[in-house]
Amino acid sequence: MNEVHEGMNEQHGHDDGPGHDHGELGHAEYTEFIEIAAEEGFDPEEVEGALDEAGHGPLPVLAVIGRPNVGKSTLVNRIIGRREAVVEDRPGVTRDRVTYEAEWAGRRFKVVDTGGWEQDVLGIDASVAAQAEFAIEAADAVVFVVDAMVGATDTDEAVVKLLRRAGRPVVLCANKVDGPSAEADASYLWSLGLGEPHPVSALHGRGTGDMLDEVLKALPEAPQQTFGTALGGPRRIALIGRPNVGKSSLLNKVAGESRVVVDDVAGTTRDPVDELIELGGITWKFVDTAGIRRRVHLQEGADYYASLRTAAALEKAEVAVVLVDVSESISVQDLRIITMAVDAGRALVLAYNKWDTLDDERRFYLEREIERDLVQVQWAPRVNVSARTGRHMEKLVPAIETALAGWETRVPTGRLNAFLGEIVASHPHPVRGGKQPRILFGTQAGTRPPRFVLFASGFLEAGYRRFVERRLREQFGFEGTPIHLSVRVREKRGRKR
């Protein structure tokens, strides 16, 4: 078949009533989709898996925490089944949080590999509690890794107190138990009061399967949606940006009163402050977050804690309003913060603050910087504001609403495949190695953000995928939202006789 399937009736795309089990596809649309996939030589189970993978909400999160050099990254590599987490036989190699996807016994979840904690001069409350509290707060369950050969330390005891306060399910991993003779060491960890210690050798794999069975018992079956309640709760907006770009001033201006401490000293805000604010007849929940500094491991104490809490606020938000200080050149930190919001799959608005300070020369160079450095997020609504004077603040809410609308846009499968057929006909994929891969059919498996699955006869190059995404935006909008595009290639199979 040389054209993209257009056989699905348009009305199937609107069959999104409750009760179906196929992401955001209606039952009739899903059934027809599977039939078409079978005609094109795709295994129905493979298609179902692809739709499930692309259409799921947030996966359950498992945080792996523990002191430096107890083997957390080695355990993470064992759980995800490949060597990705950096492992070195010295403490403190893992600095920033790193997230991976894992699967065990047919269930998928995210694993967060955290840096170890050292008690610096500011004490355990500043450094240990900072990373531990964030990792625990963002997780559905926790694997607490303790070195069975060393036994429970004062730092381990301090983390246990945090775990008890948080109330998350905990699986206690007694690591470095390389043989039966070392299991006695693991038994001493009953004293921590977290239940049975599971003896494991992350390095050799011993006992990790039994421990993961316990992890699955602790993780929720269905991922919890942390944003966008169906009960009409206020939409959550995270204000993020470098320190001293004016986040607190902006929040005070939209609130119409002074609610947040504002100081010229960068980093005044330490914890996110949730504010219910009515704008344009709608109540919004603004989260004023502490500024993100250059790198977590370059910070100590309160700033370190603030950057972790900022990441937590972003993960719970629906829209990220990234403030950029136009009086300074767009920096690597600005780009990293924007990338954080995009990678988190949040709707995005770029607010260029301190616009009242611009002269003509700076404005000229700013526009060049935006064209050069922010080309990948041209789809994000832009507002030029001044938190100090209130300039153009009335444009902020329409930009947020536009981004949310794009974030929740759903294209019916019939319309999508008609669109894909036009692309294949007018702009076919380049021939590579004597073959020309084609998009056979596709569907939108989810929203918030929009997630598409394309089924193809061969590998689609990154440049062609970007072209498809660009055309999707031109055709259907998607302003203010990242788009996730995954491609499944048809496996070569012998024809059945």
Side-chain angles (χ1 to χ4, degrees), residues 225-242 245-257 259-260 272-289 291-292 310-326 334 337-355 370 374 376-410 447-450 473 476-483:
Q225 195 82 358
T226 56
F227 44 75
T229 63
L231 302 176
R235 313 301 296 260
R236 290 184 60 91
I237 303 167
L239 297 177
I240 62 175
R242 288 188 292 119
V245 293
K247 295 182 296 297
S248 297
S249 299
L250 179 67
L251 185 61
N252 284 335
K253 187 60 70 172
V254 298
E257 58 184 287
R259 298 193 185 189
V260 181
V273 180
D274 286 10
E275 291 288 349
L276 290 173
I277 296 171
E278 187 170 321
L279 290 172
I282 302 171
T283 300
W284 308 85
K285 181 173 281 192
F286 279 81
V287 180
D288 176 48
T289 55
I292 302 175
T310 300
L314 179 59
E315 290 185 15
K316 292 177 182 175
E318 296 174 277
V319 187
V321 176
V322 180
L323 267 70
V324 178
D325 183 345
V326 297
D334 291 319
I337 290 163
I338 291 169
T339 299
M340 279 178 64
V342 172
D343 289 347
R346 301 301 175 254
L348 177 66
V349 173
L350 298 179
Y352 293 92
N353 192 26
K354 307 185 185 180
W355 198 262
I370 291 172
L374 300 180
Q376 300 299 331
V377 287
Q378 288 177 331
W379 42 262
R382 165 182 169 177
V383 287
N384 304 328
V385 299
S386 170
R388 186 177 64 84
T389 67
R391 170 195 166 98
H392 285 172
M393 296 303 266
E394 74 281 357
K395 294 185 177 181
L396 188 59
V397 167
I400 291 170
E401 290 178 325
T402 295
L404 278 170
W407 197 56
E408 295 175 330
T409 294
R410 164 109 170 90
T447 56
R448 316 177 74 193
R473 292 185 184 282
F476 301 109
F478 295 117
E479 187 176 357
T481 180
I483 290 176

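Here the structure is a predicted model, which means the values were calculated and not measured.
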In Å, rounded to the nearest 0.5 Å, how long is the span from [atom1] of [X] to [atom2] of [Y]?
X: I400; Y: W407; atom1: CD1; atom2: CH2; value: 13.0 Å
X: L374; Y: W379; atom1: CG; atom2: CH2; value: 11.0 Å
X: I338; Y: D343; atom1: CD1; atom2: CG; value: 12.0 Å
X: L323; Y: Y352; atom1: CG; atom2: OH; value: 11.0 Å
X: Q376; Y: T339; atom1: CD; atom2: OG1; value: 9.5 Å

For [X] and [Y], work out which heavy atoms get closest and say how close.
X: V385; Y: M393; value: CB-SD, 4.0 Å
X: A320; Y: R346; value: N-CB, 4.4 Å
X: A341; Y: I240; value: CB-CD1, 4.3 Å
X: A347; Y: A403; value: CB-O, 3.7 Å
X: V383; Y: K395; value: CG1-O, 3.5 Å
X: G406; Y: P450; value: O-CG, 3.7 Å

Practice problem: Answer whether the closest heavy-atom distance between the side chains of E479 and P381 falls below 4.5 Å. | Solution: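 When only atoms from C-beta onward are counted, P381 and E479 do touch, with a gap below 4.5 Å.
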Exercise. Find out whether W355 and R391 are in side-chain contact, i.e. whether some heavy atom of one side chain is under 4.5 Å from a heavy atom of the other.
Key: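 Answer yes - side chains close enough.
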Quiz item: Is a salt bridge present between E318 and R236, judged by a nitrogen-to-oxygen distance below 4.0 Å?
Solution: no
Quiz item: W284 and side chain to side chain contact (heavy atoms under 4.5 Å, CB included): which partner among L276, L396, V397?
Solution: V397
Practice problem: Quickly, which of D334, N384, V377 forms a side chain to side chain contact (heavy atoms under 4.5 Å, CB included) with L350? Name it, please. | Solution: V377
Self-check item: R242 backbone acceptor or donor facing K247 side chain under 3.5 Å
Solution: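 Such a contact is found between K247 side chain and R242 backbone.
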Quiz item: Where the side chain of N353 meets the backbone of A387, is there a donor-acceptor pair that is under 3.5 Å apart?
Solution: yes
